[in-house]
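Worksheet: the structure to be examined is printed underneath.
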Amino acid sequence: MKHKIMEFLKNSEGYISGEEISNKLGVSRASIWKHINALKDEGYEIESSPKKGYRLVNSADILNYEEIKRYLNTKYIGRTFYHFHHIDSTNTKAKELSRQGEIEGTVILSESQSAGRGRLGRVWCSPERKGIWFSIILRPDIDPVQASKITLMGAASVYKALESMGFRECKIKWPNDLIINNKKVCGILTEMSGELNKVNYIVMGIGLNVNIDQNDFPEELKHIATSLKIEKGEMIDRKKLLGEILNNLETYYDEFIHSNSIDTTIDICKKNSILLGSEIQCIDRNNIFNAKAIDINPEGELVIQLKDGSIKNIISGEVSIRGLYGYVE
Ligand code: ADP
């Protein structure tokens with residue numbers, strides 16, 4: 001009912017009276033008033049006047065299913081959709097829902113997060129309605145060692161969505177970050193629950209800085225983080241962008257599940273890598289070493305060459321990579 005009322009508001013120029021909505025939908029005016037309040041709580045700006053009725057102030061920049069569905073051409077990704085105004089962390093919520101059996105493709109999105117996470121428990125800054133902060137539940141029937149490929153699919157999906165919206169300067173920092181002008185614009189955090197040879201579920205969280213202004217970033221991020229708005233100098237349509245990301249993700253994920261191939265993903269990650277050909281610093285638990293990044297192999301591992309000439313393959317998540325760009329740990 002709430003969304004039917006929203007359709008009415010969207011389709012009417014100016015005010016529409018409570019009586020008219022009530023007649024057309026066959027519900028009481030008190031009930032309409034309740035639904036309007038619920039819509040306001042979701043973040044819609046609705047003016048109400050005792051004489052004239054209700055009016056939608058402007059088309060809302062809200063990433064709920066009703067708003068984004070026209071951009072989706074997926075079968076299952078994003079078709080079950082949880083939208084929050086505020087949450088601690090979408091990954092935490094997604095894991096909770098996964099444990100309760102929520103289905104593959106479910107998206108959990110929040111307009112803001114108080115405890116968005118990066119790797120190793122680092123905090124992810126997620127100001128209200130300025131980014132796309134969401135997690136996806138996947139349940140692939142694969143060996144857990146393959147799970148890191150999902151992160152690359154996420155990176156490729158965001159990359160292609162940004163490219164289609166005119167961002168040509170973007171680079172992928174294997175395996176989980178997107179970089180523009182040497183600054184991080186997007187981070188991906190994939191978490192898995194599994195047994196020895198079986199995945200229970202995978203939750204992939206994506207945080208994309210969309211309409212963040214320079215001043216919204218805390219001091220410590222100002223030099224290492226950027227947003228699409230900062231780079232382009234104008235507001236970016238979050239709904240379209242989210243739709244594109246989810247559409248791409250379903251394509252790459254389907255390719256993996258049905259053809260056991262991540263060739264398209266690898267191709268995108270290789271062509272647009274910020275690391276390949278560069279000297280990088282690898283940090284694992286006990287030591288730091290320098291190497292040259294030379295390839296991403298068909299399994300999605302980063303191939304590096306050490307100082308002594310030997311070649312090593314790195315599985316994502318095994319080490320932290322620091323490149324020669326704006327931020328070093
Ligand atoms: P890395 O891959 O660089 O090790 P993580 O994946 O752990 O980083 O992401 C967390 C880090 O990202 C934080 O420690 C912080 O430096 C940075 N960060 C936090 N919020 C944002 C944001 N909105 N945009 C860009 N970088 C951020």
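All ligand and atom numbering here is 1-based and tracks the order in the structure.
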Between [X] and ligand 1, which residue portion shows a heavy-atom distance shorter than 4.0 Å: side chain, backbone, both, or neither?
X	result
L221	side chain
R119	both
D177	side chain

Handout entry: Minimum-distance pair of heavy atoms, taken over all atoms of I202 and M192
Key =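 Closest pair (atom of I202, atom of M192, distance): CG1-CG, 3.8 Å.
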Problem - Exercise: identify the closest heavy-atom pair between Y159 and C170 - result: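 Nearest heavy atoms, Y159 then C170: CE1-O, 3.3 Å.
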Exercise for the section: Assess whether side-chain hydrogen bond (donor to acceptor under 3.5 Å, both in side chains) is satisfied between S12 and R55, documenting all intermediate values. Expected result: CA-CA 8 Å; S12 52; R55 182 175 79 92; over 6 Å; no
Handout entry: Any N/O pair C125/ligand 1 closer than 3.5 Å
Key =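 Right, the criterion is met.
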Practice task
Look only at interatomic distance and state if K184 has a nitrogen or oxygen under 3.5 Å from any nitrogen or oxygen of ligand 1.
Solution key: yes
Exercise for the section: Scan residues 287-299 for pairs that pass side chain to side chain donor-acceptor pair (under 3.5 Å), counting only residues two or more places apart or in two chains. Expected result: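 Matches after skipping sequence neighbours: K149-E299, K270-D295, N297-E301.
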Practice task
Can you spot which of D216, D61, N211 makes a side-chain hydrogen bond (donor to acceptor under 3.5 Å, both in side chains) with K130?
Solution key: D216
Practice task
Find out whether the Lys NZ or Arg CZ of R139 is both under 6.0 angstrom from the six-membered ring centre of Y201 and within 45° of the ring's axis.
Solution key: no
Practice task
List in chain and number order the residues that pass side chain to side chain contact (heavy atoms under 4.5 Å, CB included) with K198, two or more places apart in sequence or in another chain; answer none if no residue qualifies.
Solution key: E195, N200
Exercise for the section: May I ask whether V123 has any heavy atom positioned less than 4.0 angstrom from an atom of ligand 1? Expected result: yes
Exercise for the section: Report yes or no: does I224 have a heavy atom closer than 4.0 Å to ligand 1? Expected result: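 Flag set, I224 near ligand 1.
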In terms of atom number and element, which parts of ligand 1 are under 4.0 angstrom from non-hydrogen atoms of [X]?
X	value
A225	24 (N), 25 (C), 26 (N)
N209	22 (C), 23 (N), 24 (N), 25 (C)
G118	7 (O), 9 (O), 10 (C)

